[in-house]
Amino acid sequence: SQQGEEDPQALSIQEGENATMNCSYKTSINNLQWYRQNSGRGLVHLILIRSNEREKHSGRLRVTLDTSKKSSSLLITASRAADTASYFCATDKNYGQNFVFGPGTRLSVLP
Amino acid sequence: NAGVTQTPKFQVLKTGQSMTLQCAQDMNHEYMSWYRQDPGMGLRLIHYSVGAGITDQGEVPNGYNVSRSTTEDFPLRLLSAAPSQTSVYFCASSYSTGGAAEQYFGPGTRLTVT
């Protein structure tokens, strides 16, 4: 079973709009990470947020974590066509020995 | 730094054949792992290693073997290929165990088993 589940499965927006993706997980975690995957490529790390953090920023990315609801969100502001990719959340179990990815959100940013 | 490299990029096997997918990293990372990615399933962990000589099973280990004789290399062996192993395989490395640090991914190996 998957620890993290992203929502929505697919999202299509216009360039310049904001994109929000959500991730829910089932068991307690130590860390949650977001990754991006361009078509046919490997995954690229975006942000790591620890269980004692509520919000982190990196450039146009903003990640929040609500451990009481077991959920996280990734906000991409002022989206660009180059942001078109799949986005995955990943959580650790068993103190990081096992790292579990969700099925991802496919984001399409239309010019 | 080359980062994480994987070979081959593409491979076609017949059912029952065996092969080794190669993975190497030049970042002196202790933690390495193998994932498979199937449509709509995200990435699933096959095997991982927390250092040379130490390996363990992930979520979907059946049909695969690994070894870690050096810090740099972490090959994945398919013992007897089956069509269910058709997938894209990614190797990743990290300086710390799974969730505590970012993972660096290789470009992937696309495997088709006929």
Side-chain angles (χ1 to χ4, degrees), chain A residues 1-10 21 23-25 27-53 56 58 61 63 65 67 72 85-106, chain B residues 2-10 21 23-25 27 29-51 54-61 87-111:
Chain A
S1 62
Q2 288 172 341
Q3 167 76 320
E5 294 279 342
E6 292 91 347
D7 171 59
Q9 290 186 335
M21 287 157 270
C23 170
S24 59
Y25 56 91
T27 62
S28 296
I29 61 169
N30 297 306
N31 305 281
L32 185 144
Q33 301 187 28
W34 284 92
Y35 287 80
R36 184 187 74 234
Q37 183 181 36
N38 291 92
S39 181
R41 310 290 291 272
L43 278 73
V44 174
H45 179 263
L46 297 175
I47 287 186
L48 181 155
I49 187 166
R50 305 192 191 282
S51 59
N52 61 354
E53 297 174 313
K56 284 190 85 168
S58 176
L61 306 180
V63 167
L65 179 63
T67 53
S72 173
S86 291
Y87 292 82
F88 297 89
C89 72
T91 54
D92 58 1
K93 293 196 298 184
N94 193 23
Y95 292 93
Q97 296 290 352
N98 216 336
F99 197 49
V100 182
F101 285 83
T105 292
R106 292 188 310 279
Chain B
V4 179
T5 58
Q6 291 183 239
T7 56
K9 284 188 168 53
F10 301 93
L21 279 63
C23 174
Q25 52 92 9
M27 296 172 281
H29 286 166
E30 290 295 329
Y31 185 88
M32 295 185 75
S33 53
W34 276 102
Y35 296 88
R36 59 178 289 173
Q37 184 176 32
D38 301 299
M41 294 290 292
L43 277 75
R44 291 183 291 169
L45 183 65
I46 305 171
H47 285 285
Y48 65 94
S49 169
V50 298
I54 307 169
T55 64
D56 206 345
Q57 297 179 352
E59 183 184 356
V60 288
S87 188
V88 182
Y89 291 84
F90 289 99
C91 178
S93 75
S94 173
Y95 76 81
S96 181
T97 55
E102 69 175 282
Q103 296 202 48
Y104 293 80
F105 282 82
T109 294
R110 188 174 295 273
L111 175 68

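Naming: A, B, ... by sequence-line order, numbering from 1 per chain.
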Heavy-atom proximity to chain B below 4.5 Å, by part of Gln9(A): neither
Toward chain A, the part of Tyr104(B) with a non-hydrogen atom under 4.5 Å: neither
What I'd like to find out is whether the side chain of Ile46(B) reaches to under 4.5 Å of the side chain of Arg36(B), using heavy atoms alone. yes
Shortest non-hydrogen contact from Glu6(A) to Cys89(A)? OE2-N, 2.6 Å
Backbone N or O of Gln37(B) within a donor-acceptor pair of the Ser87(B) side chain at under 3.5 Å? yes
Between Gln6(B) and chain A, which part of the residue has a heavy atom less than 4.5 Å away: side chain, backbone, both or neither? neither
Only one of Tyr48(B), Tyr89(B), Phe105(B), Phe90(B) clears ring-ring contact (aromatic ring centres under 6.0 Å, His included) with Tyr35(B); which? Phe105(B)
